[in-house]
There are 2 protein chains.
Amino acid sequence: MLSKKSQYAFKALSYLTEHYKQGPVLISEIAKKKKIPLKFLENILLELKKAGILGSKKGKGGGYYLQKDPAKVKVATIIRLVNGPIAMLPCVSLYFYERCKNCDEKHCGLHDMMVEVRDASLGILESRTLSDLIV
Amino acid sequence: MLSKKSQYAFKALSYLTEHYKQGPVLISEIAKKKKIPLKFLENILLELKKAGILGSKKGKGGGYYLQKDPAKVKVATIIRLVNGPIAMLPCVSLYFYERCKNCDEKHCGLHDMMVEVRDASLGILESRTLSDLIV
DNA sequence: AAAAAGTCCACCAAGTTGGTAGGGTGTTTG
DNA sequence: CAAACACCCTACCAACTTGGTGGACTTTTT
């Protein structure tokens with residue numbers, strides 16, 4: 001399951017997508033409109049900024065804005081950033097791989113199955129972007 | 001990600017699948033062969049028994065055994081039992097559904113996307129059984 | 001009766017999650 | 001220059017989950 005943090009991140013990003021290229025948006029505005037605890041949202045946006053997804057501006061007229069074209073930011077990227085691995089097992093993760101002890105990956109039925117699940121999920125998550133969050 | 005508990009459960013179940021219809025298997029034997037902490041495994045097997053997946057027998061010659069044909073126990077069932085929801089959002093889960101507050105499911109891009117991911121995953125997990133764990 | 005083997009209950013350490021508090025830093029405007 | 005503005009940063013916290021252990025109890029077999 002996606003953490004609440006991730007869900008907040010997606011809500012905030014969808015709001016920023018709707019206001020793409022309309023200048024910086026206040027954290028407080030996003031928090032209010034999307035009903036996200038303000039201070040918690042601060043942390044999330046800062047993290048997204050450090051990852052290069054968002055940009056920010058201080059002082060009057062400041063706020064956060066999308067650094068990139070929302071049509072080019074994959075949903076999978078955001079999940080990995082805020083939530084962690086997409087795969088169901090470490091030995092199957094592309095970005096968070098960890099060798100499986102006491103289980104030979106070449107002869108593990110669960111491993112093979114989870115590779116399939118991962119690929120099925122990524123087929124969707126890697127092809128959708130922030131633009132797809134807006135209906 | 002699947003919890004360690006879930007991974008242990010699958011290892012134990014695969015062992016029991018390999019010994020299907022060969023009489024009860026000792027917890028201690030499974031623990032040793034699959035390198036699972038004994039007391040932890042006890043809890044897991046008991047839970048699987050209470051869910052009707054396993055049966056048990058006490059006293060000499062006792063142990064645990066599969067209650068059903070391994071080819072008829074879906075992997076999805078085990079995951080829901082031991083790990084919880086398969087979906088990435090509560091508002092998208094079939095077995096653990098919870099309404100999404102502050103988000104109209106009819107007009108939420110994330111919701112729609114996660115429905116697709118869920119269905120893609122279930123397409124695999126609902127069609128595979130314990131038998132498929134053995135390679 | 002003794003041994004075997006599962007059952008049950010209670011507890012624990014460490015980590016994660018979701019959040020709060022409060023001051024610091026850089027920008028703009030008057 | 002100073003005040004207002006708005007993000008930046010560090011620290012902290014309660015509650016919950018995860019992964020695991022210890023010990024006593026019951027049931028079954030020999």
Side-chain angles (χ1 to χ4, degrees), chain A residues 1-12 16 19 23-32 34-67 79 81-85 88-90 96 101-102, chain B residues 1-12 16 19 23-32 34-67 79 81-85 88-90 96 101-102:
Chain A
M1 300 270 287
L2 293 178
S3 62
K4 275 200 140 195
K5 185 177 167 187
S6 303
Q7 297 180 49
Y8 289 155
F10 279 117
K11 284 186 194 233
L16 288 173
H19 294 76
V25 181
L26 291 182
I27 302 180
S28 55
E29 180 184 337
I30 304 173
K32 192 174 179 186
K34 292 296 186 175
K35 292 173 182 159
I36 304 171
L38 184 85
K39 296 294 284 181
F40 197 20
L41 181 57
E42 271 190 24
N43 301 333
I44 296 168
L45 296 181
L46 195 53
E47 196 174 328
L48 290 170
K49 180 195 170 181
K50 285 179 180 164
I53 312 288
L54 300 180
S56 70
K57 193 168 176 304
K58 288 183 178 182
K60 181 152 195 177
Y64 276 98
Y65 51 87
L66 274 170
Q67 191 72 274
I79 293 181
L81 198 61
V82 182
N83 207 75
M88 296 188 97
L89 291 176
F96 298 83
K101 18 186 172 302
N102 317 328
Chain B
M1 299 270 288
L2 294 179
S3 62
K4 275 201 139 193
K5 185 177 169 187
S6 303
Q7 297 178 50
Y8 289 153
F10 280 116
K11 283 185 196 237
L16 288 172
H19 294 75
V25 180
L26 292 180
I27 302 180
S28 55
E29 179 184 337
I30 305 173
K32 193 174 178 186
K34 292 296 187 176
K35 291 173 183 160
I36 304 171
L38 184 87
K39 294 294 285 183
F40 197 19
L41 181 58
E42 272 186 25
N43 301 333
I44 296 168
L45 295 181
L46 195 53
E47 197 174 328
L48 290 170
K49 180 196 171 180
K50 285 179 178 162
I53 311 287
L54 300 181
S56 70
K57 193 169 178 302
K58 288 185 177 181
K60 182 152 194 180
Y64 276 98
Y65 49 88
L66 274 170
Q67 191 73 272
I79 292 181
L81 197 63
V82 182
N83 207 73
M88 296 187 96
L89 292 175
F96 299 84
K101 21 185 171 300
N102 316 328

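Computation of the quantities below employed the complete heavy-atom set of this structure, encompassing side-chain atoms and omitting hydrogens, waters and symmetry-equivalent molecules. Proteins get letters first, then strands, A, B, ... in listed order; numbering begins at 1 in each.
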Would you indicate what L26(A) reaches in the nucleic acid, counting non-hydrogen atoms under 4.0 angstrom: base, sugar-phosphate, or nothing?
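Answer is sugar-phosphate: L26(A) comes under 4.0 Å of backbone atoms only.
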Ion pair E47(B)/K50(B), N-O distance below 4.0 Å:
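No, E47(B) and K50(B) are not salt-bridged.
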Under-4.0 Å salt bridge between K32(B) and E29(B)
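Between E29(B) and K32(B) there is no salt bridge, as every charged N stays at least 4.0 Å from the carboxylate O atoms.
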To the nearest angstrom, how far is [X] atom [atom1] from [N] atom [atom2]?
| X | N | atom1 | atom2 | value |
| --- | --- | --- | --- | --- |
| I44(A) | dC7(D) | CD1 | C1' | 15 Å |
| K57(A) | dG26(C) | NZ | C1' | 11 Å |
| Y65(A) | dC7(D) | OH | P | 12 Å |
| L41(B) | dA5(C) | CG | C1' | 13 Å |
| I27(B) | dC8(C) | CD1 | C1' | 12 Å |
| K32(A) | dA6(D) | NZ | P | 14 Å |
| K58(A) | dC7(D) | NZ | P | 10 Å |
| M1(B) | dG15(C) | CE | P | 17 Å |

Going by number, which of residues 48-55 of chain B have a non-hydrogen atom under 4.0 Å from DNA chain D?
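None, since no heavy atom is under 4.0 Å.
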From [X] [atom1] over to [Y] [atom2], what is the distance, rounded to the nearest 0.5 angstrom?
| X | Y | atom1 | atom2 | answer |
| --- | --- | --- | --- | --- |
| N43(B) | L48(B) | CG | CG | 11.0 Å |
| F40(A) | E42(A) | CZ | CD | 12.0 Å |
| L46(A) | I27(A) | CG | CD1 | 8.0 Å |
| F10(B) | N83(B) | CZ | CG | 8.0 Å |
| L54(A) | L66(A) | CG | CG | 6.0 Å |

Using a cut-off of 4.0 Å between protein heavy atoms and nucleotide atoms, how would you tag nucleotides 11-25 of chain D 5' to 3' with B, S and -?
--------SSBBB--
Could you tell me whether the side chain of I79(B) reaches within less than 4.5 Å of the side chain of M88(A), counting heavy atoms only?
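Yes, at least one pair of side-chain atoms sits under 4.5 Å.
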S28(A) vs L38(A), side-chain contact (heavy atoms from CB on, under 4.5 Å): CA-CA, chis, key distance, verdict
CA-CA 6 Å; S28(A) 55; L38(A) 184 85; 3.9 Å; yes
Does OP1 or OP2 of dG30(C) have a side-chain N or O of K60(A) closer than 4.0 Å?
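No.
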